[in-house]
Amino acid sequence: MEHRASAVATDPRRLVARTDAVLADPRLADAALRLGRDLVKSVVADAQQRVRSGEIEPGAVADAAVAALPDTSARLRPVVNATGVLLHTNLGRAPLSPAAMAALAAASGTTDVELDLATGQRSRRGRSALAALKAAVPAAEAAHVVNNGAAALVLAATALAAGKEIIVSRGEMVEIGDGFRIPDLLVSTGARLREVGTTNRTTRADYAAAVGPGTGFILKVHPSNFRITGFTRGADVGELRGLGAPVVADIGSGLLRAEPVLPDEPHAHGWLKAGADVVTASGDKLLGGPQCGLVLGRADLVRTLARHPLARALRVDKLTLAALEATLRGPRTPTHEALHAAPGVLRERAGRLADGLRADGIDARAVDCEAAVGGGGAPGVTLPSAAVSLPEAYAEALRGGRHAVLGRVEGGRCLLDLRTVPPEADTALTDAVRAATTTATPTTAATSAAASGTRAR
Ligand SMILES: *Cc1c(COP(=O)(O)O)cnc(C)c1O
């Protein structure tokens with residue numbers, strides 16, 4: 001050892017602390033959890049290099065590495081969605097499947113997004129994602145992808161109805177959230193709106209009377225985020241065909257095929273078969289994919305949209321195409337799993353998690369509750385669910401924790417609804433609850449510390 005120490009003293013490279021030793025610094029260990037070990041290792045490697053070049057003292061490696069860490073205070077942080085709202089717009093709607101995440105990573109470098117590797121020639125951008133989309137919706141002759149559902153509508157309005165009229169029911173003039181309204185969006189393209197019918201009742205005859213030479217298309221909007229009940233009537237998509245104008249249908253929620261759990265939710269295949277010429281939908285709602293807008297339907301109309309100059313401004317990037325394709329081809333999405341989770345299994349998980357927390361002195365119990373689809377989908381549909389119920393103060397403490405968790409407050413309790421929490425996140429969830437306990441209930445924490453001190457190990 002003495003012998004090596006003297007060798008070290010003569011060779012400056014030997015003075016550089018080993019990576020493992022530097023990574024053991026609590027600040028860097030913590031950063032590795034937040035930022036990933038690879039990133040922190042590369043920062044440490046840079047600092048080690050600066051020691052070798054004599055730029056900094058050997059003892060300053062960890063400090064230099066900490067100083068060089070990227071500032072993450074303004075970064076997006078992962079949040080466990082325990083709200084019971086499957087598609088939570090404030091949480092970025094659908095969580096991607098592991099397959100879609102892997103596709104994102106694979107597509108991050110240079111890819112053949114617009115190249116035919118066999119011929120070396122330019123090819124149709126995103127052709128494999130479009131093929132997957134058409135395979136998923138056999139009734140669609142053609143498909144196109146844009147940035148989001150709103151962009152799909154804007155493109156349809158611009159390409160098919162600028163300077164013309166869009167005929168739409170007064171019952172379907174909806175606001176889609178954050179103050180954005182579909183009628184405003186459509187009018188912004190230079191199309192004129194021709195409102196027909198009344199808020200609660202619109203018939204085929206109302207549409208028929210409005211169609212004329214100045215008609216761009218008839219628009220059917222699925223009012224996805226609210227429901228009018230009582231004395232209501234709307235014309236089905238099927239009733240709108242044959243009126244002498246194309247029918248564009250905005251299903252919003254992104255279901256491509258029938259979903260037994262949501263029998264009243266329209267789906268692209270069904271509406272195209274019923275007579276819609278073009279269907280538009282979002283990719284990050286019930287489809288469970290990345291944010292994007294889907295345009296599906298008649299080949300000539302989809303082509304008109306895809307070739308319009310505006311289409312270039314609404315074009316999706318290679319990452320979106322990769323994630324969309326993986327979503328379509330891949331295993332079931334987290335959104336699908338959440339939609340289909342069996343209430344009995346959720347109840348069993350809630351019981352197990354609550355028992356574990358109670359054993360640590362935390363006021364946790366398993367309760368039955370109701371989850372919702374959200375994100376502008378299936379309004380009025382509730383999904384039987386189960387939650388871990390905690391004192392209300394946990395809501396804030398869990399939001400502010402290192403592994404943020406968003407629950408919902410109901411009846412003076414903080415509910416962690418397990419329908420939207422993937423089972424593999426259960427441990428992270430209970431760890432977060434334990435970590436939040438000091439903030440949420442200082443007295444309980446003290447009691448629990450005392451209790452765990454007396455517990456047999
Ligand atoms: C969600 C929704 C939109 C908007 O889609 P984005 O992908 O959020 O742009 C439009 N129409 C309907 C019916 C919707 O539900």
Side-chain angles (χ1 to χ4, degrees), residues 85-96 133 143-158 161 166 168-189 191 193 202 217-228 234-237 240 247-256 259 262 264-268 270-272 276 278-297 305 310-311 313-317 320-321 323-324 327 333 335 339 372-381:
V85 178
L86 269 61
L87 302 165
H88 199 296
T89 300
N90 302 151
L91 295 179
R93 289 194 187 150
L96 293 181
L133 201 46
H144 181 63
V145 183
V146 290
N147 251 314
N148 54 26
L153 271 181
V154 162
L155 184 57
T158 308
I166 297 172
V168 59
S169 161
R170 288 198 170 83
E172 296 174 8
M173 307 275 278
V174 303
E175 177 168 318
I176 51 180
D178 196 25
F180 289 101
R181 296 172 169 177
I182 285 183
D184 297 345
L185 204 66
L186 296 171
V187 167
S188 75
T189 66
L193 285 193
T202 304
F217 59 82
I218 295 171
L219 177 66
K220 175 90 188 150
V221 181
H222 173 57
S224 55
N225 53 6
F226 72 99
R227 236 173 32 174
I228 300 184
D236 290 338
V237 166
L240 300 180
V247 176
V248 174
D250 172 16
I251 60 166
S253 63
L255 274 188
L256 300 183
E259 170 55 73
L262 304 170
D264 297 332
E265 202 58 24
H267 50 94
W271 272 20
L272 286 170
V278 171
V279 164
T280 66
S282 301
D284 56 354
K285 293 183 181 172
L286 288 167
L287 178 58
Q291 178 190 303
C292 61
L294 312 177
V295 179
L296 297 154
L305 264 62
L310 183 63
L314 306 177
R315 184 173 97 165
V316 285
D317 69 334
T320 302
L321 290 166
L324 174 63
T327 301
T333 64
T335 301
L339 194 59
V373 173
V381 173

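Both counts, for ligands and for their atoms, begin at 1 and track the order of listing. All heavy atoms count here, side chains included; hydrogens, waters and symmetry mates do not.
Across all non-hydrogen atoms, the minimal contact from Lys220 to Leu240 is CD-CD1, 4.0 Å. Here the shortest heavy-atom pairing between Ala249 and Val237 reads CB-CG2, 4.5 Å. Heavy-atom minimum distance, Pro290 versus Leu96: N-CD2, 3.5 Å. Annotation for Gly254 and Ala281: closest pair CA-CB, 3.8 Å, computed over non-hydrogen atoms. Between Val145 and Cys292, the closest heavy-atom pair is CG1-CB, 3.8 Å.
Counting the atoms of ligand 1 from 1 in the order shown, those under 4.0 Å from a heavy atom of Ile176 are 3 (C), 4 (C), 10 (C), 11 (N). Less than 4.0 angstrom separates some heavy atom of Gly149 from each of these atoms of ligand 1: 5 (O), 6 (P), 7 (O), 9 (O). Listed by number with element, the atoms of ligand 1 under 4.0 angstrom from any heavy atom of His222 are 13 (C). Those atoms of ligand 1 that come under 4.0 Å of a heavy atom in Ile182, given as number and element, are 11 (N). Within ligand 1, counting atoms from 1 as listed, the ones closer than 4.0 Å to a heavy atom of Ala150 are 4 (C), 5 (O), 6 (P), 9 (O). Those atoms of ligand 1 that come under 4.0 Å of a heavy atom in Ser282, given as number and element, are 1 (C), 5 (O), 6 (P), 7 (O).
Considering both main-chain and side-chain atoms, Lys285 comes within under 3.5 Å of ligand 1 through a nitrogen or oxygen pair. Taking any N or O of Ser253, backbone or side chain, none lies under 3.5 Å from an N or O belonging to ligand 1.
Contacts of Arg93 with ligand 1, taken as heavy-atom pairs under 4.0 Å, involve the side chain alone.
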Quiz prompt | Full working for side chain to side chain contact (heavy atoms under 4.5 Å, CB included) between Leu287 and Leu255 | solution = CA-CA 6 Å; Leu287 178 58; Leu255 274 188; over 6 Å; no
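Between Leu219 and Val221 there is a side-chain heavy-atom pair separated by less than 4.5 Å.
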